[in-house]
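Presented below is the structure to which this report refers.
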Amino acid sequence: WGAQPVSRAMTVSVPATADVTAVAPTFELGNGASVSPASGTVLDFTTQNVYTVTSRYGASLTFTVDVARKPRAAELDVRDGLVLWLKADEGVTHDGDNVVKHWQNRMDEQRLRPKSVATAPVLVQDATKFGYPVVRFRNASLATDFNEALPTGAQSRTVLMLARYTDPTNMSHRWGGFCWGSAENAAAFGFSLEDGGPRLAIQGWGVGNDFVSDRAVTADEWIIESVTYDGSRFVHFANGKEIDRQEVTYQTKGRHVVIGGNIREDQFQDMDVCEVLVFDRVLSAQELQSVHEYLRTRWLKRPSGLVLMVF
């Protein structure tokens, strides 16, 4: 570094919600260098902090560190036609035991509710690898009758869900997942696993209306599942890759919405759910890719945080 002290400025970005009043940055220093304040010292970063690194030869390097808050990088940019939006970290009301009372649609005031406490899911904090919450369904479901916003008949739609099926080979679990409509032939629409098996499926209700893909899931595998339907054909995706497409005419009837079970709420699927989105149109390939990337970044990647490196 030379004989004269050297000064540098450094700006570190953190999420907007981060608490920076008591942060303890850590450093790795080589070649006999030291730092003051010491690595791991708790400091208030609502104002600037100055670190001085001294080499083993006595030369010093001063860092003035500013912490700047920034919003979480993952924001949903595609919202045109979005009619249902459920997020595990927003709109979930629960009791003191984390038993869910209702899950509110972010697009309006409507709420999905359990039939009873006995069939209610629970909100689990820090359930994912990076500490995000999930709504956990174990022989449980939430349901409601929505307004006119959800697509019916053969209207176009796009549906996405980020979830993991935690017991996909349980033969007692039959056609549970996320869907809306009525328990009549071709009158429902949504995601499911095959009847008692691990393969992803589209549920339309009835023989010739339910379609099982070749894509099997494993326990605790996170899946971004999506489907587009243009009135005569659906295209089914898992983690952005097409797994099935079929020519079929659905006549989705009614707007009874169920998550965790089938449309009659008499069969259930064990699953953890982070987010569900329903659009009343077919998203373009570019839009669908954008929403997939949003879900991956939002839930499956390490959140941005305070990182300070000294070389």
Side-chain angles (χ1 to χ4, degrees), residues 84 86-89 91-95 97-103 112-144 159-181 183 188-205 210-227 236 238-239 243 256-278 295 299-300:
L84 186 149
L86 301 172
K87 297 180 67 179
D89 59 352
V92 180
T93 300
H94 56 86
D95 65 16
D97 295 321
N98 289 324
V99 176
V100 175
K101 294 182 176 180
H102 57 73
W103 195 357
L112 285 81
R113 305 175 187 273
K115 278 187 173 181
S116 67
V117 173
T119 59
V122 295
L123 180 68
V124 181
Q125 302 289 349
D126 299 324
T128 70
K129 180 179 179 180
F130 298 120
Y132 297 121
V134 301
V135 177
R136 176 161 294 171
F137 295 84
R138 299 292 185 270
N139 291 313
S141 65
L142 296 171
T144 193
V159 187
L160 300 100
M161 179 174 70
L162 173 57
R164 61 183 174 188
Y165 296 95
T166 56
D167 194 11
T169 58
N170 189 327
M171 293 300 293
S172 67
H173 294 167
R174 308 182 63 185
W175 295 107
F178 167 77
C179 64
W180 75 93
F189 189 84
F191 298 129
S192 176
L193 292 184
E194 64 178 312
D195 190 354
R199 293 181 297 175
L200 297 172
I202 296 299
Q203 180 181 177
W205 201 269
D210 300 325
F211 294 91
V212 179
S213 75
D214 292 329
R215 175 60 158 88
V217 299
T218 58
D220 298 328
E221 176 188 8
W222 285 106
I223 298 289
I224 300 175
E225 197 171 1
S226 58
V227 60
H236 190 188
N239 293 334
I243 58 174
H256 185 64
V257 181
V258 181
I259 184 168
N262 65 10
I263 199 66
R264 289 195 304 214
E265 298 179 79
D266 58 3
Q267 299 288 342
F268 303 100
Q269 189 64 247
D270 286 356
M271 57 196 300
D272 291 345
V273 181
C274 289
E275 191 158 347
V276 180
L277 304 102
V278 178
L295 289 170
W299 298 98
L300 303 180

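Worth saying up front: this structure is predicted, and the values here are computed from it rather than measured. Here, residue 1 is the first one in the sequence, and each next residue gets the next number.
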**Report entry** CG on Leu142 to NZ on Lys115, rounded to 0.5 Å
**Finding:** 12.0 Å
Requested in this report: State the CG-CG distance between Leu277 and Leu84, to the nearest 0.5 angstrom.
Outcome: 8.0 Å
Query raised in the report: Which heavy atom of Glu225 sits nearest a heavy atom of Ser192, and at what distance?
Result: OE2-O, 4.5 Å
Query - ring pair (Phe, Tyr, Trp, His ring centres under 6.0 Å) partners of Trp299, counting only residues at least two apart - result: Tyr132
Query raised in the report: Between atom SG of Cys274 and atom CD1 of Ile224, what is the distance when rounded to the nearest 0.5 Å?
Result: 9.5 Å
**Report entry** salt bridge (charged side-chain N to carboxylate O under 4.0 Å, His left out) involving Arg264 - partner list, sequence neighbours excluded
**Finding:** Asp266
Query raised in the report: Between Asp210 and Gly204, what is the shortest heavy-atom contact and its length?
Result: OD1-N, 2.7 Å
Query - Check: Leu160 and Val276 side chains under 4.5 Å, non-hydrogen atoms - result: no
Report summary line: In this structure, CD of Gln203 is separated from CZ of Phe178 (nearest 0.5 Å) by 11.0 Å
Query - Under the ring pair (Phe, Tyr, Trp, His ring centres under 6.0 Å) test, residues paired with Trp205 that sit two or more places apart - result: none
Give the table of side-chain donor-acceptor pairs shorter than 3.5 Å for residues 118-127, with sequence neighbours excluded, one pair per line with atom names and distance.
{"unit_1": "Thr119", "atom_1": "OG1", "unit_2": "Ser116", "atom_2": "N", "d": "3.4"}
{"unit_1": "Thr119", "atom_1": "OG1", "unit_2": "Ser116", "atom_2": "O", "d": "3.4"}
{"unit_1": "Thr119", "atom_1": "OG1", "unit_2": "Ser116", "atom_2": "OG", "d": "3.4"}

Report task. Establish, from distance only, whether the side-chain atoms of Ser213 and His236 form a donor-acceptor pair under 3.5 Å. Result -> no
Query raised in the report: Partners of Thr166 by side-chain contact (heavy atoms from CB on, under 4.5 Å), sequence neighbours excluded?
Result: Arg138, Arg164, Asp220, Asp270, Asp272
Report task. List the steps, then state whether side chain to side chain contact (heavy atoms under 4.5 Å, CB included) holds for Tyr165 with Leu200. Result -> CA-CA 10 Å; Tyr165 296 95; Leu200 297 172; 3.8 Å; yes
Report task. Output all residues satisfying side-chain contact (heavy atoms from CB on, under 4.5 Å) with Ser141, sequence neighbours left out; order by chain, then residue number. Result -> Val258, Glu265, Phe268
**Report entry** Interatomic distance, Ile223 atom CD1 to Met271 atom CE [nearest 0.5 angstrom]
**Finding:** 11.0 Å
Report summary line: Rounding to 0.5 Å, atoms CD (Gln269) and CG (Asn262) come to a distance of 10.5 Å
**Report entry** Closest non-hydrogen atom pair, Val273 against Ala88
**Finding:** O-CB, 3.7 Å
Query raised in the report: Are any of the side-chain heavy atoms of Leu162 and Leu300 separated by less than 4.5 Å?
Result: yes
Requested in this report: Would you please test Val135 and Val92 for side chain to side chain contact (heavy atoms under 4.5 Å, CB included) and show each step?
Outcome: CA-CA 8 Å; Val135 177; Val92 180; 4.1 Å; yes
Query raised in the report: Got a donor-acceptor contact below 3.5 angstrom from the Asp95 side chain to the Asp97 backbone?
Result: yes
Query - Whether Glu194 side chain and Arg199 backbone form a donor-acceptor pair below 3.5 Å - result: yes
Query raised in the report: If you look at every heavy atom in Phe137 and Ile259, which pair is closest and at what distance?
Result: CE2-O, 3.4 Å
